[in-house]
Amino acid sequence: MAASNNSESADQVGIRVDNTENRDDHTDALGSSGGSAGVATASSHNPYGSGAIGQLANGYSSPSMTYRKNVAKMVTDRHAAEYNMRHKNRGMALIFNHEHFEVPTLKSRAGTNVDCENLTRVLKQLDFEVTVYKDCRYKDILRTIEYAASQNHSDSDCILVAILSHGEMGYIYAKDTQYKLENIWSFFTANHCPTLAGKPKLFFIQACQGDRLDGGVTMQRSHTETDGDSSMSYKIPVHADFLIAYSTVPGFYSWRNTTRGSWFMQSLCAELAANGKRLDILTLLTFVCQRVAVDFESCTPDTPEMHQQKQIPCITTMLTRILHFTDKQMVPAGRV
């Protein structure tokens with residue numbers, strides 16, 4: 001049930017929020033509610049576009065690339081239905097939280113600290129080792145990611161990276177400039193980070209992917225209703241076992257409430273808090289999509305073209321098994 005109490009605590013997790021009585025909704029585009037200045041368009045040489053799928057389709061397909069034999073430790077039986085989440089540690093969770101920017105066209109992102117605090121809380125509840133990085137420049141983000149990828153993750157189940165920022169089609173903003181998400185996740189492919197080979201690599205992106213608006217469709221109830229061999233070695237693709245969850249579909253705005261946080265992060269944190277150790281990640285993200293799609297609508301009556309708009313997250317998955325965040329308290333220390 002949607003809550004409409006405007007006095008609700010800003011850092012509350014696990015409550016669905018209806019924004020129809022709160023006018024503090026903003027988008028995570030270039031800091032303004034209109035216009036398309038600076039929006040990147042898909043290259044004519046890239047038929048898949050410039051988003052996660054396009055970057056995957058084109059990022060490592062150069063015919064001149066030199067290939068070498070890569071070997072990594074088998075952490076899961078070849079045909080196992082679920083990922084091995086019985087390592088000593090859950091793994092790193094890196095949160096890049098961007099509130100203020102040096103780019104003149106970008107406004108500060110009021111409400112992002114609420115998202116960051118809520119996400120930190122629920123990830124710690126899921127046994128992640130969480131580190132928050134605030135308002136980093138691009139070179140500092142790269143340095144942090146490169147360091148994380150260079151670590152030994154043999155005793156970890158997975159890795160998680162969350163980015164809370166402004167964005168446009170195919171790009172995310174650091175404090176000082178824009179960059180492609182490919183520049184981040186490429187450090188963790190199986191050939192570059194062998195101790196994460198065969199393990200989930202999770203990315204959650206709260207940012208616009210364009211300046212289009214989703215006016216939604218009204219659903220009306222109809223008048224008539226009815227009831228109505230595992231021990232052998234095996235090879236995996238270097239891009240396997242990634243999951244990239246965007247707050248919105250390519251080309252569209254992503255909405256953020258200045259006091260309660262972004263719609264996507266509110267919904268993600270609510271689901272992780274309620275069902276993080278009960279449901280597998282794709283089922284959980286399906287319910288995140290449901291929360292965003294059904295329970296949120298922009299309320300900006302002073303800006304009619306932005307009023308009563310909708311949003312739907314976009315999930316790109318290369319996971320090869322079911323992912324459950326099993327309770328670490330139930331796993332003997334050191335067992336793999």
Checklist entry - Between Arg260 and Val114, which heavy-atom pair has the shortest distance, and what is it? => result O-CG1, 3.6 Å
Checklist outcome for this item: For Thr326 and Met85, the nearest pair of non-hydrogen atoms, with its separation, is OG1-O, 3.2 Å
Item to check | Flag, side chain of His324 to backbone of Glu82, donor-acceptor distance under 3.5 Å | outcome: no
Checklist entry - Would you say the side chain of Leu319 lies within less than 4.5 Å of the side chain of Tyr83, judging by non-hydrogen atoms? => result yes
Next on the checklist: Is there a side-chain contact between Lys180 and Tyr171 in this structure, where contact means two heavy atoms from C-beta onward sitting under 4.5 Å apart?
Outcome noted: yes
Checklist entry - Quick one: CZ on Phe187 to OH on Tyr147, what's the gap to the nearest 0.5 Å? => result 15.0 Å
Checklist entry - Do the side chain of Asp280 and the main chain of Thr283 share a donor and acceptor less than 3.5 angstrom apart? => result yes
Item to check | The single option from Leu119, Val288, Leu285, Leu123 passing side chain to side chain contact (heavy atoms under 4.5 Å, CB included) against Phe204 | outcome: Leu285
Item to check | Close aromatic pair by centroid cut-off 6.0 Å: Trp255 and Phe296 | outcome: no
Item to check | Within one Ile-Leu-Val-Met-Phe-Trp-Tyr cluster: Met318 and Ile184, side-chain cutoff 4.5 Å | outcome: yes
Checklist entry - Is Leu282 reachable from Leu202 through a run of hydrophobic residues whose side-chain heavy atoms are each under 4.5 Å from the next? => result yes
Checklist entry - Does the side chain of Asn97 come under 3.5 Å of the side chain of Asn113 through a donor N or O and an acceptor N or O? => result yes
Checklist outcome for this item: d(Lys175 NZ, His166 NE2) to nearest 0.5 Å is 11.5 Å
Checklist entry - Is Met265 reachable from Val132 through a run of I, L, V, M, F, W or Y residues, each pair having side-chain heavy atoms under 4.5 Å apart? => result yes
Next on the checklist: Does this structure show an ion pair linking Asp157 with Arg86, if we count only N-O contacts that are shorter than 4.0 Å?
Outcome noted: no
Checklist entry - Are the side chain of His307 and the backbone of Thr300 linked by a donor-acceptor contact shorter than 3.5 Å? => result yes
Next on the checklist: Any heavy-atom pair between the side chains of Phe242 and Trp185 that's under 4.5 Å?
Outcome noted: yes
Checklist outcome for this item: Separation between CD1 (Ile172) and CD1 (Ile163), nearest 0.5 Å, reads 4.0 Å
Checklist entry - For Ala174 and His98, which heavy atoms make the closest approach, and how far apart are they? => result CA-CE1, 3.7 Å
Checklist outcome for this item: Smallest heavy-atom separation, Lys199 atom then Lys201 atom, equals O-NZ, 2.7 Å
Item to check | Gln209 side-chain N/O to Gly170 backbone N/O, donor-acceptor pair under 3.5 Å | outcome: no
Checklist entry - Rounded to the nearest 0.5 Å, how far apart are OG1 of Thr320 and CG of Asp241? => result 4.0 Å
Checklist entry - If you measure only the distance, is there a donor-acceptor pair under 3.5 Å linking the side chains of Gln206 and Ser254? => result yes
Item to check | Main-chain N/O of His79 paired to Asp77 side chain as donor or acceptor, under 3.5 Å | outcome: no
Checklist entry - Is Leu142 reachable from Leu196 through a run of I, L, V, M, F, W or Y residues, each pair having side-chain heavy atoms under 4.5 Å apart? => result yes
Checklist entry - Quick check: does any side chain N or O of Ser262 sit under 3.5 Å from a backbone N or O of Arg256, one acting as donor and the other as acceptor? => result no
Checklist entry - In terms of side-chain geometry, is the basic nitrogen of Arg143 or Asp140 positioned less than 4.0 Å from the acidic oxygen of its partner? => result yes
Item to check | Closest non-hydrogen atom pair between Arg321 and Ala81, with its separation | outcome: CB-O, 3.4 Å
Next on the checklist: Against Glu99, only a single residue in Lys134, Lys107, Arg109 fulfils salt bridge (charged side-chain N to carboxylate O under 4.0 Å, His left out); can you say which?
Outcome noted: Lys134
Item to check | Glu129/Arg90 under salt bridge (Lys or Arg N to Asp or Glu O under 4.0 Å): CA gap, chis, key distance, verdict | outcome: CA-CA 7 Å; Glu129 181 183 342; Arg90 178 73 74 213; over 6 Å; no
Next on the checklist: Is there a side chain to side chain contact (heavy atoms under 4.5 Å, CB included) between Thr248 and Ile312? Walk through the geometry before answering.
Outcome noted: CA-CA 5 Å; Thr248 190; Ile312 185 70; 5.8 Å; no
Next on the checklist: Under the rule for ring pair (Phe, Tyr, Trp, His ring centres under 6.0 Å), what residues qualify as partners of Phe96, not counting sequence neighbours?
Outcome noted: Tyr133
Next on the checklist: Looking at every heavy atom in both Asp115 and Leu164, which two are closest together, and how far apart are they?
Outcome noted: CB-CD1, 4.0 Å
Next on the checklist: Can you confirm whether Glu146 is buried at CD, in the sense that more than 12 heavy atoms of other residues, nucleotides or ligands lie under 6.0 Å from that atom?
Outcome noted: no
Checklist outcome for this item: The reported gap from CD1 in Ile95 to CG in Leu160 (rounded to nearest 0.5 angstrom) is 8.0 Å
Checklist outcome for this item: Rounded to the nearest 0.5 Å, the SG atom of Cys208 sits from the CD atom of Gln311 at a distance of 8.0 Å
Checklist entry - If we only count heavy atoms from C-beta on, is the Thr177 to Tyr179 side-chain gap below 4.5 Å? => result no
Checklist entry - When the ring centroid of Phe128 is compared with that of Phe325, is the distance short of 6.0 Å? => result yes
Checklist entry - What do you reckon, is CD of Gln151 surrounded by more than 12 foreign heavy atoms closer than 6.0 Å? => result yes
Checklist entry - So, does Ser298 use its side chain to make a donor-acceptor pair with the main chain of Gln308 at under 3.5 Å? => result yes
Checklist entry - Are Ile322 and Leu126 connected in a single hydrophobic cluster, I mean Ile/Leu/Val/Met/Phe/Trp/Tyr linked by side-chain heavy atoms less than 4.5 Å apart? => result no
Checklist entry - If only atom types and distance count, is the side chain of His153 paired as donor or acceptor with the main-chain N or O of Ala148 below 3.5 Å? => result yes
Checklist entry - Under the 3.5 angstrom rule, does the side chain of Ser267 hit a backbone N or O of Trp263 as a donor-acceptor pair? => result yes
Next on the checklist: I'd like to check Lys310 versus Val294 (side-chain heavy atoms, cut-off strictly below 4.5 Å). Are they in contact?
Outcome noted: no
Next on the checklist: With side chain to side chain donor-acceptor pair (under 3.5 Å) as the criterion, how do Ser156 and His87 come out once you've worked through the C-alpha distance, each side chain's angles and the decisive distance to 0.1 Å?
Outcome noted: CA-CA 5 Å; Ser156 298; His87 297 87; over 6 Å; no
Item to check | Side-chain donor/acceptor of Asp176 to backbone N/O of Tyr138, under 3.5 Å | outcome: yes
